[in-house]
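Just below is one structure, and these are the notes that go with it.
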Amino acid sequence: MPTLRSLADLEREGLVRDPGARPGLAAAARVMAIAITPEMAALIDRRDPHDPIARQFMPDAAETAIAPAELADPIGDEARSPIKGIVHRYPDRVLLKPLHVCPVYCRFCFRREKVGPGGDALSEAELAAALDYIRSHREIWEVILTGGDPLMMAPRRLARLIAALDEIDHVAVVRIHSRVPVVDPGRIGDAMIAALRPGRAALWLGIHCNHPRELTAAARAALARIADAGIPLMGQTVLLAGVNDQVEILEALMRDLVSARVKPYYLHHPDLVRGTGHFRVSIERGQALMKALRGRLSGLAQPTYVLDIPGGHGKVPIGPAYLGDDPGALQIEDASGRRHPYPG
Ligand code: SF4
């Protein structure tokens, strides 16, 4: 089965439960392309109207409802882009976005107005200019390849890009963010592993995974191939209503990631993306979930709960806090909520 890319594909695969919903789904599909890989389509329980895998990838009429606070560019990429394909938000690191194509289109995506088939990929000249920008800014220590999904590049082109970055002596770390090993694990073949061969600069791979069911046997095998090639892995998860906003689900996901040799890195508070209000969780709920995880999981399996400040002001941890706020009598809260005095 190829990747599902149209409403007709979804209907043929029995993923549209209510024929009356078609106009709403079509309206959502006009805003953001559809792509559901066979691996993800196979995971969807057709009998469950609240299936957490379907919820991430199936268009939803709710996407046409735009709240006043929602933004086209919620984390301010454009405001921090000195040249096409580069976002320079922090002094020591840049994002480099070579393409906007993804293996799946996640309906909550923070770049949902940019990503898509035929999206605005960098031409060879634009990529050369982006590399020149990195070369000429010696303060850049880390380059984060993102997009879109960089592992959608042909392995040879990706290898050339990694090699070009490797030749820039002040770049110490190349980090790649990808959903491919989880949603399209077949792409992690010998050619891709060869493209990912670490060079002088350290190569890290951040994978995006939101639900334990996504970690299929094939996904685990792909992650194992990457880890066996000497590439450290870390996990990024978006906190999403109706997908993973339950402590049992997050706990299982974090355990499964660690057992697949993926260090949980960030739990992202959902961004203020236009048409994604149905995915949003309150910060209080997110903090309560993090507190519950603290009591259940080892430090190795704890992600940091972060929020990207709208407008391009960067990412910050948003708790929960374990210090009481009375400066005269410092109190530390333990994982079960009991407070203890501390001589501060
Ligand atoms: S794979 Fe990443 S960039 Fe692509 S649609 Fe999903 S969240 Fe967005």
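Counting convention: from 1, in listed order, for ligands and their atoms alike.
Annotation: cation-pi pair K291/Y322 present, NZ/CZ under 6.0 Å from the ring centroid and within 45° of its normal. With a 6.0 Å cutoff to the six-membered ring centre and a 45° limit on the axis angle, R5 does not count as a cation-pi contact of Y105.
By the criterion of a separation under 2.8 Å, the protein N/O/S atoms near atom 8 (Fe) of ligand 1 amount to C109 SG.
L203 and V171 fall within a single hydrophobic cluster, where Ile, Leu, Val, Met, Phe, Trp and Tyr are joined by side-chain heavy atoms under 4.5 Å apart, directly or via other members.
Side-chain atoms of D271 and T276, non-hydrogen and from C-beta on, never get closer than 4.5 Å to each other. Two residues are said to be in side-chain contact when any heavy atoms from C-beta on lie closer than 4.5 Å; R46 and E13 meet this criterion.
Contact record, R107 with F57: CD-O, 3.4 Å, taken as the closest heavy-atom pair.
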